[in-house]
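Have a look at the structure below, then the notes.
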There are 2 protein chains.
Amino acid sequence: MALRDARTIHDTAAERLAGLDQRYTRVRRALVELLAGAEAPLALPQLLERDRSLAQSSAYRNLVVLERAGVVHRIVTADEFARYELAEDLTGHHHHLICTTCGEVRDFTMPPGVESQLEGALGRVAGENAFAADHHRLDLIGTCADCAAAR
Amino acid sequence: MALRDARTIHDTAAERLAGLDQRYTRVRRALVELLAGAEAPLALPQLLERDRSLAQSSAYRNLVVLERAGVVHRIVTADEFARYELAEDLTGHHHHLICTTCGEVRDFTMPPGVESQLEGALGRVAGENAFAADHHRLDLIGTCADCAAAR
DNA sequence: ATGAGTGCAAAGGCTTTGCATTAGG
DNA sequence: CCTAATGCAAAGCCTTTGCACTCAT
């Protein structure tokens with residue numbers, strides 16, 4: 001997750017929540033803590049498993065709040081569960097390797113040159129289509145090493 | 001959807017289904033017909049609306065079959081419904097503009113130079129991670145012109 | 001005290017499945 | 001004929017919501 005200083009992340013989270021008149025509560029802190037410590041985006045069952053004190057509904061509810069505050073980003077794959085990670089401005093821009101067999105998601109980054117050329121091209125595409133782009137999403141879909149070995 | 005000759009698409013669909021010992025039935029043909037004629041990936045309600053003779057369960061069931069046969073591709077967005085389009089080898093490689101407000105999906109293509117450089121970089125990333133890449137997915141997430149105008 | 005936050009349980013909503021009927025080869 | 005496919009209705013499953021309780025300000 002390329003985590004930055006933990007204090008900074010919590011401070012930032014608290015600030016952004018405050019901007020929406022939301023508190024930085026125990027559950028919210030726990031979620032941010034888990035996501036900051038994770039090596040990949042986590043699905044809800046994984047979150048509940050890693051912190052047994054979390055209630056399912058509260059986790060979902062607070063992930064929505066954290067997403068609205070721009071602290072957490074929600075990833076939808078073809079997998080059954082949505083996955084959550086810290087927002088890109090907290091972790092750095094990256095992309096995902098998505099395994100269609102086990103559903104796991106892993107981060108990767110592109111060489112800066114390719115990335116910037118990509119951004120340029122996407123900017124042009126957005127302009128041509130009068131599309132107000134918020135961000136782009138680039139994923140590699142396939143089979144991870146573990147799943148390939150397992151069959 | 002950059003559709004090719006309609007006859008070719010149906011023939012190809014029939015062939016691929018035959019390879020899995022599946023028939024090319026009325027419902028399956030109707031689904032392929034709709035997707036080939038659509039200007040964008042369609043969600044299930046849109047399919048049912050465009051062909052009132054389709055039963056919901058049969059549509060879902062056959063989309064699964066068509067996807068397994070490599071005729072149809074399923075797209076998952078943050079939107080409530082999954083969307084379906086013809087497989088890329090039938091329509092050509094392309095990407096998606098995804099509107100987070102209305103959920104609509106629109107196709108776009110990248111300049112060949114950028115696309116090929118991208119492929120090269122992704123190939124290298126896959127190699128480094130021992131990841132067997134099946135395909136990549138590049139989407140632009142934001143607000144479409146209609147939704148931007150509407151607010 | 002008083003409104004936000006929490007957690008349990010129940011409801012929602014997209015998708016899948018059971019089963020009896022129909023049709024294609 | 002006989003198996004695959006269809007369609008209705010019901011069930012599944014992830015996620016959201018209702019509501020009473022708790023906690024922080």
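Here is how names work: the chains are called A, B, and so on, in the same order as the sequence lines, proteins then strands, and each is numbered from 1. These values consider heavy atoms only, across backbone and side chains, with no hydrogens, waters or symmetry-generated copies.
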- Are any of the side-chain heavy atoms of A/Leu63 and A/Arg74 separated by less than 4.5 Å? no
- Item | Contact check, side chains of B/Ile9 and B/Thr91, non-hydrogen atoms, under 4.5 Å | no
- Figure out the CD1/P separation between B/Ile75 and C/dT15, and round it to whole Å. 13 Å
- Message: Reading DNA chain C from 5' onward, which residue's closest nucleotide shows up sooner: B/Arg26 or B/Tyr84?
- Response: B/Tyr84
- Looking at side-chain heavy atoms only, is the closest gap between A/Leu118 and B/Leu138 below 4.5 Å? yes
- Atom CG of B/Leu48 and atom C1' of D/dG7: how far apart are they, to the nearest Å? 12 Å
- Take B/Asp51 and B/Leu31 through the side-chain contact (heavy atoms from CB on, under 4.5 Å) test and state the conclusion after the steps. CA-CA 9 Å; B/Asp51 185 340; B/Leu31 289 170; over 6 Å; no
- Atom CZ of B/Arg68 and atom C1' of C/dT16 are separated, to the nearest Å, by 12 Å
- Residue B/Arg23, side-chain atoms from C-beta onward, closest of C/dG24, C/dG18, C/dG7: C/dG24
- Message: Nearest whole Å is fine: how far is D/dT15 P from A/Leu47 CG?
- Response: 11 Å
- Item | Nearest listed nucleotide, side chain of B/Arg61, among D/dT16, D/dG7, C/dC14 | D/dG7
- Note on the structure: Rounded to whole Å, the CZ-P distance (B/Arg28 to D/dA4) equals 11 Å
- Query: Using a cut-off of less than 4.0 Å, is there contact between a side-chain N or O of B/Tyr60 and OP1 or OP2 of C/dT15?
  - Reply: yes
- Task: Could you tell me the separation between the CG atom of A/Asp21 and the P atom of C/dA4, rounded to a whole number of Å?
- Result: 9 Å
- Distance-only donor-acceptor test (3.5 Å): side chain B/Arg29, base C/dG24: no
- Message: Which nucleotide wins on minimum distance to the side chain of B/Thr25, given the candidates D/dA5, C/dG7, C/dG5?
- Response: D/dA5
- Item | Phosphate OP1/OP2 of D/dA5: any B/Asn62 side-chain N/O under 4.0 Å | no
- Query: Distance check: side-chain N/O of B/Ser57 vs OP1/OP2 of D/dC8, anything under 4.0 Å?
  - Reply: no
- Would one find a side-chain N or O of B/Gln56 under 4.0 angstrom from OP1 or OP2 of D/dC8? no
- Of all residues at least two apart in sequence or in a different chain, which pass the side-chain contact (heavy atoms from CB on, under 4.5 Å) check with A/His93? A/Glu88, A/His95, A/Glu115, A/Glu119, A/His136
- Counting heavy atoms from C-beta on, name the nucleotide in C/dT6, C/dT15, C/dC8 closest to the side chain of B/Ala82. C/dT15
- Note on the structure: Taking D/dC14, C/dT15, C/dT16 as options, the one with an atom nearest any side-chain atom of B/Phe81 is C/dT15
- Task: Rounded to the nearest angstrom, tell me the gap between atom CG in A/Leu44 and atom C1' in D/dT16.
- Result: 12 Å
- Query: Atom CG of A/Leu63 and atom C1' of D/dC14: how far apart are they, to the nearest Å?
  - Reply: 13 Å
- Note on the structure: Among C/dT6, C/dT15, D/dC14, the one nearest any side-chain atom of A/Val27 is C/dT6
